[in-house]
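In what follows, a structure is listed as structure tokens, so that the remarks can point back to it.
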Number of protein chains: 2
Amino acid sequence: MTADELFRALGDPTRLEIVRRLSNRESCTISMLLSGLGISRQGARKHLQLLADANIVTLKPDGRDTIVSLNRATLAKGKAFITEIELQWDKRLEALRQYVDNDQINDL
Amino acid sequence: MTADELFRALGDPTRLEIVRRLSNRESCTISMLLSGLGISRQGARKHLQLLADANIVTLKPDGRDTIVSLNRATLAKGKAFITEIELQWDKRLEALRQYVDNDQINDL
DNA sequence: ACTTTATGCAACCAAAAAGTTGCATAAATC
DNA sequence: GATTTATGCAACTTTTTGGTTGCATAAAGT
């Protein structure tokens with residue numbers, strides 16, 4: 001799963017709300033999770049499937065219900081991606097700083 | 001700018017490639033940045049505008065050119081959002097652990 | 001057995017996104 | 001001054017997304 005797929009899955013207010021709910025509740029059933037989102041069950045269910053496809057969420061059938069749980073490792077990947085970008089940025093800035101310093105030495 | 005808007009802006013391979021390029025290069029002109037992305041200049045320019053609208057990138061006209069630079073603070077917000085979710089998750093798990101511990105005490 | 005509850009699947013629609021092409025313009029360069 | 005280069009704006013098409021409704025089904029509760 002690529003970083004853009006992960007971010008795309010997080011890039012919707014309904015889906016982000018689902019993720020927020022899962023971070024607060026225990027893993028819960030689909031109907032509990034999706035009630036009160038302001039859209040139809042099937043509409044919300046599509047969002048949930050998108051999260052499942054992006055591996056942000058895991059669905060486990062259990063009798064009549066289906067249990068939804070948050071996949072922490074996947075979220076961590078998104079965080080790691082941003083951290084990596086920031087790291088590259090820092091390295092570049094540091095290289096620039098050293099370059100400027102050398103110029104100052106040359107100016108002596 | 002909401003978290004979902006930020007993630008949505010990052011949720012596209014072309015835009016993520018633009019961000020990656022900016023993390024490695026010095027701030028550069030639009031044409032330098034967008035060449036070789038595999039789509040038309042105007043197509044790529046639309047993606048760049050989306051990144052600018054999400055405040056991930058800043059555009060600064062300079063004579064004939066326009067200088068593009070990465071906005072570090074905005075990326076940090078995305079990271080912070082995920083961190084917050086993880087924190088909620090941890091707090092919930094800790095509460096659950098203590099609950100289980102109490103049960104064990106009750107069993108004595 | 002009958003009813004309710006939790007869920008899935010599929011068709012359909014409207015709006016947004018991704019991409020294209022063509023034309024315009026203003027700054028640099030020759 | 002003529003040309004090249006960097007850019008913008010706008011119209012248009014195709015694909016994707018977000019949402020709906022209707023119908024089906026299987027497990028639990030009465």
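Per chain, numbering begins at 1; letters A, B, ... match sequence-line order.
Interatomic distance, CD1 of A:I82 versus CG of A:L87, reported as 13.5 Å (0.5 Å rounding). The CD1 atom of B:I56 lies 5.0 Å from the CG atom of B:L51; values are rounded to the nearest 0.5 Å. Between the CG atom of B:L75 and the CG atom of B:L6 there is a distance of 7.0 Å, given to the nearest 0.5 Å.
For DNA chain D, the residues of residues 57-71 of chain A within the heavy-atom distance limit of 4.0 Å (strictly under) are A:G63, A:R64, sorted by number. Within a heavy-atom distance below 4.0 Å of DNA chain D, the residues of residues 32-42 of chain A found are A:I39, A:S40, A:Q42.
Checked against side-chain contact (heavy atoms from CB on, under 4.5 Å), A:L59 has the following partners two or more places apart in sequence or in another chain: A:R45, A:L48, A:Q49, A:A52, A:V57, A:T66, A:V68. A search for side-chain hydrogen bond (donor to acceptor under 3.5 Å, both in side chains) contacts involving B:S69 returns nothing, not counting sequence neighbours. Residues forming a side-chain hydrogen bond (donor to acceptor under 3.5 Å, both in side chains) with B:D12 (at least two apart in sequence, or on another chain): none. In this structure, the side-chain hydrogen bond (donor to acceptor under 3.5 Å, both in side chains) partners of B:R21, at least two apart in sequence or on a different chain, are B:E17. For B:F7, the ring-ring contact (aromatic ring centres under 6.0 Å, His included) partners are A:F7, B:F81, not counting sequence neighbours.
A:R8 places no side-chain N or O within donor-acceptor distance of the main-chain N or O of B:P13, the cut-off being under 3.5 Å.
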For nucleotides 15-18 of chain C, list the nitrogen or oxygen atoms of the protein found under 3.5 Å from its nitrogen or oxygen atoms, one pair per line.
| residue | atom | partner | partner atom | Å |
| --- | --- | --- | --- | --- |
| C:dA18 | OP1 | A:R8 | NH2 | 3.3 |
| C:dA18 | OP2 | B:R15 | NH1 | 3.3 |

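Boundaries of the chain B contact region on DNA chain D are D:dT5 to D:dG18, first to last in 5' to 3' order (nucleotide atom under 4.0 Å from a heavy atom).
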- Go through B:L10 and A:D4 one step at a time and tell me if the side chain to side chain contact (heavy atoms under 4.5 Å, CB included) criterion holds. CA-CA 6 Å; B:L10 293 177; A:D4 61 287; over 6 Å; no
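Residues B:R20 and A:I85 meet the side-chain proximity criterion, which asks for heavy atoms closer than 4.5 Å.
Residues B:L16 and A:W89 are members of one and the same hydrophobic cluster, defined by side-chain heavy-atom contacts under 4.5 angstrom among Ile, Leu, Val, Met, Phe, Trp and Tyr.
Just one residue in the list A:R97, A:K91, A:R92 forms a salt bridge (Lys or Arg N to Asp or Glu O under 4.0 Å) with A:E94, and that residue is A:R97.
A salt bridge (Lys or Arg N to Asp or Glu O under 4.0 Å) check over residues 49-78 of chain B, counting only residues at least two apart or in different chains, returns the pairs A:D90-B:R72.
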For residues 33-41 of chain A, tabulate all N or O donor-acceptor pairs below 3.5 Å that involve a side-chain atom, not counting sequence neighbours.
| residue | atom | partner | partner atom | Å |
| --- | --- | --- | --- | --- |
| A:S35 | OG | A:M32 | O | 3.4 |
| A:S40 | OG | A:G43 | N | 3.0 |

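The terminal axes of the helix from C:dA1-D:dT30 to C:dC30-D:dG1, fitted over 5 pairs per end, subtend an angle of 20° to the nearest 10°.
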